[in-house]
Amino acid sequence: MALYRRIPGAIAVITLTNPPVNALSCTVREAIYETVKRATADQEVKAIVLCGANGKFCGGADIKEFSREMRGPPLVPMIDMIEESEKPVVAVIEGVAFGGGLELALGCHYRIAHSGAQVGLTEVTLGLLPAAGGTQRLPRLIGVPAALDIITTGRHVSAQEAVRLGIVDKVTDSSAMEEAIEFAKTVAGEPMGPRRLSLWTAACPEDLDSLLEGALVRIRQRSRGALAPVACVQAVRAAASLPFAQGMKKEQELMAYLFTSGQARAMQYCFFTQRAAARWTTPSGASWENTKARPVRQAAVIGLGTMGKGIAVSLSRAGIPVIAVETEQKRLKAGRKAVNSMLTRESQKRGLAEAHLGSISFTLDLRKLRDTDLVIEAVFEDMALKKQIFSKLSSVCRPDALLCTNTSGLNIDEIASAASRPELVVGTHFFAPAHVMKLLEVVCGPRTSPVAVATAMQLAKRLEKIGVVVGNCSGFVGNRMMRPYTEQAYYLLEEGARPEEVDLVLEEFGFAMGIFRVMDLSGLDVGWRSRKELGLTGPKLPPGTEARSRGGKRYSPLPDILCESGRLGQKTGRGWYLYEKERVATPDPWLQSFLEDYRSRFGIQSRRVGQDEILERCLYSLINEGFRILQEGIAASPEDIDVIYVSGYGWPRHRGGPMFYAWMVGLPKVLDKLEHYHRTHPDIPNLAPSSMLRKLVARGSPPVHQWRALIQQHSSQL
Ligand SMILES: CCCCCCCCCCCCC[C@H](O)CC(=O)SCCNC(=O)CCNC(=O)[C@H](O)C(C)(C)COP(=O)(O)OP(=O)(O)OC[C@H]1O[C@@H](n2cnc3c(N)ncnc32)[C@H](O)[C@@H]1OP(=O)(O)O
């Protein structure tokens with residue numbers, strides 16, 4: 001709703017009241033109409049102040065209403081009515097003014113912001129565009145180039161930048177409300193015509209076409225295949241070239257097109273699922289609601305390799321004092337230098353005072369950890385080494401200290417078996433670079449206690465990461481699903497495709513990088529080491545093993561051969577691609593002739609592999625593994641899997657996540673294709689459709705949010 005009160009000085013104050021973010025729901029819009037009409041009709045009122053309750057102006061349109069039938073008064077005429085008011089309307093921007101919230105403020109005649117506030121036209125992140133006049137008013141207010149940037153990226157703009165750009169008229173460190181009231185008194189009675197943005201012309205550079213073309217190039221690089229940012233560019237072009245009314249018409253047309261697109265649905269699904277992941281539950285009845293996290297006042301990180309350094313920086317940035325431990329003086333010194341320079345860059349970038357960072361001390365002595373609340377082990381993926389560390393930690397740390405392991409796939413239970421209190425051992429799988437990537441898989445072993453899960457999830461929140469609780473199995477959720485995906489990519493090369501063809505298909509789907517470019521970037525030796533440990537290649541491989549088969553299943557030795565010949569990816573200048581110029585991947589003629597020799601050596605008839613087959617075999621095998629994960633209870637819900645993929649594996653947000661995508665494609669189609677590919681490749685067991693997928697198809701392919709109920713009938717590893 002919106003509350004109305006009249007205060008001394010002939011001012012009407014209208015307060016949007018719809019916790020938690022004062023979203024513009026049907027009821028709020030009705031109340032704004034009513035209260036603005038009342039204020040304009042009231043002879044005693046000379047100016048109107050519009051604010052939001054609880055220190056937040058407005059989080060925009062109510063996104064939940066987008067999936068229902070639209071009711072109540074629309075936003076556009078409501079904002080027009082405010083702009084047309086003869087009495088000045090002053091918006092008080094505290095907290096946030098996002099999306100429709102900022103559009104509402106742009107309809108007001110003046111905007112006063114608190115210095116801690118943020119504004120933005122964030123619709124593009126939901127697969128939409130600002131359709132309550134934002135694409136037409138903002139360019140008129142601050143010029144086309146700045147508006148184009150804000151509208152196409154959806155970025156949050158600080159109050160300081162907003163005043164510099166001219167989005168707000170004034171910023172204050174004290175009460176924005178009091179400032180606005182005093183200001184409203186000074187402008188009461190002035191003519192409002194010059195303050196109506198719809199009457200302005202957008203300041204436009206001479207080379208408008210090249211500005212817009214440049215924006216489209218950046219959009220293609222950042223989010224290939226996404227419709228919303230492209231529509232945003234078209235709407236801004238309309239603001240630059242058409243009268244306001246025609247621009248508004250264009251804005252509405254583009255919105256109608258986006259609104260009904262699968263992409264908007266996928267991105268709004270991502271918005272809600274990301275928040276839902278924090279509401280974890282386990283079948284034992286433990287949950288975020290009934291389990292209290294332990295306070296973390298001091299933390300430690302063991303191992304200052306790539307992951308350990310990033311984790312230490314994340315902890316410090318959250319204001320948590322850290323003790324960083326290494327085994328050798330030389331490594332400790334190098335780690336300290338790297339961490340300190342990362343922190344300096346961080347504080348410069350974020351404008352953080354050093355005082356806000358948690359202190360980091362560096363030591364070779366594990367005994368210094370006796371008072372830490374939480375330890376994160378981040379050493380090499382070596383089970384024996386990890387067990388040794390957990391055994392030592394049990395003797396030096398406080399008995400109630402939480403012991404976390406940053407393994408990317410080893411058995412948490414086996415690691416916990418080396419600790420004296422296995423219930424306090426939990427997996428915290430960070431993603432590289434750990435101080436940048438948002439995802440944290442919180443891995444729950446069979447003995448992990450609810451309090452350990454709650455503390456790790458609370459830590460994720462403090463580190464501004466998205467924690468997702470998963471069960472214990474090889475590779476957990478994310479890496480386990482990557483295996484069949486990468487394997488299919490190798491098989492496609494064996495059968496006739498080239499790395500650049502596979503990558504192009506995946507990049508056109510929306511991944512920032514295809515799988516072969518990703519492998520070259522992270523180093524081919526990472527997978528090689530783990531295949532050697534598993535005895536799939538290298539010295540542990542039993543003599544006489546067939547080159548292209550392991551345990552009766554198809555196996556591709558292609559990546560092993562590349563590694564044996566020293567092609568480890570970008571760091572060696574060659575891998576699946578050639579890197580003559582740093583980081584620029586070019587198709588390598590050597591690889592092409594190597595693949596031809598390989599095929600003739602193994603009697604493989606090379607064929608032209610179509611784009612549909614590349615996409616389907618890569619994605620559907622990954623999705624099929626997702627269904628197995630659900631069936632085994634390794635993930636609590638399909639939504640959790642999708643959050644993992646969107647926030648940790650570069651799955652395009654406008655495709656919602658693998659499980660949502662499967663549903664959008666149609667589960668019967670996914671099943672049908674998997675059956676087909678499994679018939680043609682019976683030696684690839686992970687192409688055999690999972691029984692969970694069959695069950696969902698048999699139940700009429702219910703929407704994703706209904707799958708959890710069906711999954712609960714299965715076992716759970718959580
Ligand atoms: C043929 C058909 C033609 C169709 C034409 C249709 C025309 C329709 C006309 C529409 C007019 C367009 C209007 C406008 O341009 C569109 C919009 O405004 S879209 C919304 C834009 N707003 C945003 O993107 C902001 C989203 N929210 C946030 O970024 C953050 O929530 C926040 C505001 C920064 C606050 O962050 P936090 O404090 O961290 O809190 P949470 O994020 O955890 O949120 C708390 C709680 O609130 C829920 N929530 C947040 N924002 C909204 C919202 N806008 N609507 C509904 N609910 C919201 C969030 O889900 C959390 O809920 P919980 O998880 O706790 O249940």
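For the single chain, residues carry numbers from 1 onward in sequence order. Just so you know, ligand 1 is whichever comes first in the structure, and atom 1 is the first atom listed for that ligand.
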Hey, is the main chain of R294 close enough, under 3.5 Å, to the side chain of T455 for a donor-acceptor pair?
-> yes
Near P20, which atoms of ligand 1 are under 4.0 Å from a heavy atom of that residue?
-> 45 (C), 46 (C), 47 (O)
If you compare F259, F66, F57 by their heavy atoms, the one closest to atom 4 (C) of ligand 1 turns out to be F259
What are the atoms of ligand 1, with element, lying closer than 4.0 Å to any heavy atom of A131?
-> 12 (C), 15 (O)
Indicate yes or no for a side-chain donor-acceptor contact from R265 to the backbone of S261 under 3.5 Å, with no hydrogens or angles considered.
-> no
Within 45 degrees of the axis of the six-membered ring of F271 and under 6.0 Å from its centre: does R275 put its NZ or CZ there?
-> yes
Quick note on ligand 1: atoms under 4.0 Å from a heavy atom of K64 include exactly 57 (N)
Polar proximity ligand 1 side, F272 side, N/O cut 3.5 Å exclusive | no
Face-on cation placement of R655 at F509 ring, 6.0 Å and 45° thresholds = yes
Under 3.5 Å between some N or O of ligand 1 and some N or O of E123?
-> yes
Is any NZ, NE, NH1 or NH2 atom of the basic residue among R155 and E161 found under 4.0 Å from an Asp or Glu carboxylate oxygen of the other?
-> yes
Answer side chain, backbone, both or neither: which part of L126 comes under 4.0 Å from ligand 1, heavy atoms only.
-> side chain
Decide whether the shortest distance between a heavy atom of P130 and an atom of ligand 1 is less than 4.0 Å.
-> yes
Atoms of ligand 1 close to L75 [distance to a heavy atom under 4.0 angstrom, numbered from 1] = 13 (C)
With atoms numbered from 1 as shown, which atoms in ligand 1 lie under 4.0 angstrom from a non-hydrogen atom of G99?
-> 18 (O), 21 (C)
Output yes when the distance from some N or O of ligand 1 to some N or O of E103 is under 3.5 Å, and no in every other case.
-> yes
Give me the ring orientation class for Y649 and Y645: parallel if the planes are under 30° apart, tilted from 30 to 60°, perpendicular past 60°.
-> parallel
Output yes when the distance from some N or O of ligand 1 to some N or O of G60 is under 3.5 Å, and no in every other case.
-> no
Near R279, which atoms of ligand 1 are under 4.0 Å from a heavy atom of that residue?
-> 63 (P), 64 (O), 65 (O), 66 (O)
What part of V21 sits under 4.0 Å from ligand 1 if we count only heavy atoms: the side chain, the backbone, both or neither?
-> side chain
Any heavy atom of E253 under 4.0 Å from ligand 1? The part involved is neither
Please say whether G59 places an N or O atom under 3.5 Å from an N or O atom belonging to ligand 1.
-> yes
Can an N or O of I63 be found at a distance shorter than 3.5 Å from an N or O of ligand 1?
-> yes
Min N/O separation T122 to ligand 1 under 3.5 Å | yes
Output yes when a side-chain donor or acceptor of S316 lies under 3.5 Å from a complementary backbone atom of A312, and no otherwise.
-> no
shortest atom 43 (O) of ligand 1-to-protein heavy-atom contact is with R275 NE, 3.7 Å
Would you say Q252 contacts ligand 1, with heavy atoms under 4.0 Å as the rule?
-> no
Look at the side chain of W280 and the backbone N and O of A286, then say whether any donor-acceptor pair between them is shorter than 3.5 Å.
-> no
Please check if a non-hydrogen protein atom sits closer than 4.0 Å to atom 48 (C) of ligand 1.
-> no
